[in-house]
Amino acid sequence: MSKQKIDVRRIKSEQPKPKKTWKDGPVAVTPNRFWAISVFFAIAFGSMAYNTVGTQMTGIDDANIFLTYAKNLSSFDGMVFNVGDEPVEGFTSMLWMLICSALSLVMDRPEPALFGLNILFVIITVAILQWFVQEQLSEKRESQSGLDRGVLRYIRWCCSVIIFGWVFFSPKFMIWSTITLMDIGIWAMVLAVGSVCFARAVAVSAPTIQTDKMLIVSTILAVLVRPEGLLVAIFWWLCLGVARKRLASSDSESMVRVAKIPLITLVVSVVILTAFRLIYFGHPVPNTFYAKVSGDWFGNIWNGLGYLRDFAMTQPWVIAFGLISLVYAIRFFMKVNGDMDNKERALKLSWGLIAVSAVVSMIPPVLTGGDHFHLARFFQPAWPLVVIPGIHLFHKYCTSPKFITEKPMRRIITTTLVLVAMFWVAQQPKWEQISRPQNRAEARERLKMAVEFTNAMHGRDIGAELSTRVGGELSVAAIRVGGLGLTYSGRVIDLMGLNNEQMAHAPGILEGDKNHAAFKPEVFWNQNPDLVEPKFIYLANESRIIDRLLPSADSFDDKALKGIIRSDEFLSKYTPIVWPTTKNSHSDGFVAVWCRNDRLELLDGATVLPVK
């Protein structure tokens, strides 16, 4: 009798599978899934940010400062704002400037690539935080709750939904981290990745270079990406030392010894960067510090608290999640007592380290007096991170016996949807208000940010016009110099001092609007620019042109320039002139500028305007 082989796999496949119901739970939360969702939402909301501000992919004017340095460095003229001038560190992120330079080296127009990179940074930021949360909330650690596997999957998906909603529903974060082409996106990514790497490293009992290699990379990037990255890197090391010491098997272990690798990396990175700055630029910190940060620390903190208040009023949910992070951060430094094994203690310390990073990253804007830009620029890098301790509390609440009822999934999903909907509703401005304004107030809200891109576009147009008209022979002084410096072939003088070492380091207290208080009249007359404050104007109306060139008393430009344009001395030495554009790729109009009287003959064909 012949033996027949039995195909077990075929028999199993033919057996009817039990029908899956909603009670079995959704699919598992895997890295591939939240990476794919992160890609989808980042591209969708990044595109929405692009359409909202109506830009021509120019970035804001400050981003054009990065691009100006990048253009000069990629042309091997050095880290200079004006070719032939002494090096000056008029940018806030060495890492972002180097990335811009690398792209400028291989392409004439790096802006689309920078926008794409910023989208990638947002994807990495969200995905790495999702990965950390799902790793910490593994099903093995949830098994003690007594809930079904399906319910636990719903809870974990709800945690992911909250993170996605928190990040992508915020126009502030998406606009600043993508289309502005600033360093916010890369700083948010470094902050998130570094915090997660240090949080996961607390449980390493025998640290080596191999186990701490990501800590080395994170520390170096933090030091290079922003000046405040140094403060965050210090607290990363401090928290790692505290955590590893508590988890060490021997009480004799010191903080320095258990966290020596990131400490050595931090010290070496700071020493090398500071030495480079002293040798190349002549100063230990960026020139922007001298031009922006006042020596009045009480005034700085007072203004910084106002900056924080305004941010909280427009994003009220940051109050709740910020306080949760603050509590977690305080508890991190409190000694944990009770019957807790090392794994559970390491888990609590990991969440605490994330909270410390979120809180510490929000301190520098308060200490330095905040910022003048709309949509709370300096708080945006911490935005994705500050929600994470709240996610842990949400998960703890959903898996607690008090929350478990006969219909736990209904309560969990309803709570999540209400919470995410409140993220959208409670903030100001909302996406729909600035993308499709329905009234004047919403239109003004959109204009506050859109004007930053318009300034950059007009600066580029003016620079191209002046290069055509005078060939770079005349020096041009302006408040907004990013777009102007990128396209003008001559010397550009930054009246706000960011790229003007003489202006930034002139003696005196910084008084005036935030980031626009470094102007010194004596430095202006010493530098004696040929052209001052060029403006792009659409209508050739004589009175309108004079109104644009001659700022009214106590206006923004008037306060920034300490009223010098309205002074008798200035009006006796400079004359307003105007001419139609000939090389404007964006729109037709006129360029108006104050010209020094002895330079008028170089601008033959321009119309001289009378000033009463």
Side-chain angles (χ1 to χ4, degrees), residues 53-85 88 90-91 96-97 100-101 103-115 179-182 451-496 498-500 529-538 548 577-595 599 602-603 606:
V53 295
T55 179
Q56 297 290 332
M57 195 66 77
T58 60
I60 65 171
D61 198 66
D62 278 24
N64 283 247
I65 293 177
F66 279 106
L67 294 174
T68 302
Y69 281 96
K71 180 188 70 173
N72 294 333
L73 182 59
S74 62
S75 300
F76 304 100
D77 292 312
M79 294 183 192
V80 294
F81 189 69
N82 293 299
V83 176
D85 281 3
V88 57
F91 45 87
W96 188 236
M97 194 280 296
C100 293
S101 300
L103 292 175
S104 298
L105 191 63
V106 297
M107 58 184 67
D108 294 331
R109 197 166 185 272
E111 292 90 334
L114 292 173
F115 178 59
I179 194 58
T180 62
L181 305 186
M182 289 291 288
V451 70
E452 303 296 340
F453 296 87
T454 303
N455 288 337
M457 183 180 67
H458 285 173
R460 292 186 179 197
D461 293 339
I462 292 169
E465 280 297 320
L466 290 175
S467 296
T468 302
R469 179 71 69 160
V470 299
E473 294 183 26
L474 304 182
S475 61
V476 184
I479 294 175
R480 303 163 188 88
V481 297
L484 178 64
L486 183 63
T487 57
Y488 183 52
S489 56
R491 185 166 183 262
V492 176
I493 298 174
D494 186 354
L495 296 178
M496 295 298 96
L498 301 182
N499 310 282
N500 187 341
D530 301 314
L531 304 174
V532 178
E533 273 295 276
K535 303 287 186 182
F536 182 88
I537 299 172
Y538 288 100
R548 287 289 307 276
I577 59 174
V578 62
W579 67 86
T581 57
T582 57
K583 194 181 178 181
N584 188 345
S585 60
H586 296 104
S587 56
D588 295 328
F590 300 83
V591 172
V593 65
W594 291 97
C595 180
R599 295 294 192 178
L602 295 178
L603 286 160

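Side-chain contact between Ile60 and Leu181 is absent, with no heavy atoms from C-beta onward closer than 4.5 Å. Considering only heavy atoms from C-beta on, Phe453 comes within 4.5 Å of Ile179 through its side chain. The shortest side-chain heavy-atom distance between Glu111 and Leu67 falls under the 4.5 Å cut-off. Contact of the Met57 side chain with the Arg109 side chain is registered, since non-hydrogen atoms from C-beta on lie closer than 4.5 Å. In this structure, the side chains of Ser467 and Thr487 stay at 4.5 Å or more apart for every pair of heavy atoms. Looking at heavy atoms from C-beta onward, Ile479 lies in side-chain contact with Glu533 at the 4.5 angstrom threshold. For the pair Val578/Ile537, no side-chain contact is recorded, criterion being any heavy-atom separation below 4.5 Å from C-beta on. A 4.5 Å side-chain heavy-atom check between Leu498 and Phe81 finds every atom pair outside the cut-off.
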N/O donor to acceptor pairs below 3.5 angstrom from side-chain atoms of residues 469-476, sequence neighbours left out:
{"unit_1": "Arg469", "atom_1": "NH1", "unit_2": "Asp604", "atom_2": "O", "d": "3.3"}
{"unit_1": "Ser475", "atom_1": "OG", "unit_2": "Asp530", "atom_2": "N", "d": "3.0"}
{"unit_1": "Ser475", "atom_1": "OG", "unit_2": "Asp530", "atom_2": "OD2", "d": "3.2"}

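Here the shortest heavy-atom pairing between Met457 and Thr58 reads N-OG1, 4.3 Å. Closest heavy-atom contact between Leu103 and Ala113: CD1-CB, 4.0 Å. Minimum interatomic distance between Ala70 and Met97 (heavy atoms only, all atoms of both residues): CB-O, 4.3 Å. Taking every heavy atom of both residues into account, Gly485 and Val492 meet most closely at CA-CG2, 3.9 Å. The shortest heavy-atom contact between Asn64 and Ala456 is ND2-CB, 3.6 Å. A pairwise comparison of heavy atoms in Pro534 and Ala477 identifies CD-O, 3.8 Å as the closest pair.
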* Leu603 and Ile577: side chain to side chain contact (heavy atoms under 4.5 Å, CB included), yes or no, with the steps? -> CA-CA 9 Å; Leu603 286 160; Ile577 59 174; 3.2 Å; yes
* Stepwise, does the side chain to side chain contact (heavy atoms under 4.5 Å, CB included) test hold for Phe536 with Thr454? -> CA-CA 10 Å; Phe536 182 88; Thr454 303; over 6 Å; no
* **Verdict with supporting geometry, Leu484 and Leu466, side chain to side chain contact (heavy atoms under 4.5 Å, CB included)** => CA-CA 9 Å; Leu484 178 64; Leu466 290 175; 4.2 Å; yes
* **Candidate pair Glu465 and Trp579, rule side chain to side chain contact (heavy atoms under 4.5 Å, CB included), full reasoning** => CA-CA 10 Å; Glu465 280 297 320; Trp579 67 86; 3.7 Å; yes
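Of the inter-residue distances, the one linking Asp62 atom CG with Glu452 atom CD reads 8.0 Å to the nearest 0.5 angstrom. Separating the CG atom in Asp108 from the OG atom in Ser74 is a distance of 9.5 Å, to the nearest 0.5 Å. Summarising the geometry, atom CG belonging to Leu73 is positioned 13.0 Å from atom CZ belonging to Phe66; distances are rounded to the nearest 0.5 Å. In this structure, Ile65 CD1 and Asn499 CG are separated by 4.5 Å, a value rounded to the nearest 0.5 Å. Annotation: the span from Leu531 atom CG to Trp594 atom CH2 amounts to 12.5 Å, rounded to 0.5 Å.
Between the side chain of Asn72 and the main chain of Val80, a donor-acceptor pair closer than 3.5 Å is present. At distances below 3.5 Å, at least one donor-acceptor pair connects side-chain atoms of Asp61 with backbone N or O atoms of Val481. Panel note: side chain Asp494, backbone Asn500; no donor-acceptor pair is recorded below 3.5 Å.
Residues satisfying the ring-ring contact (aromatic ring centres under 6.0 Å, His included) criterion with Phe91, sequence neighbours excluded, are Tyr69.
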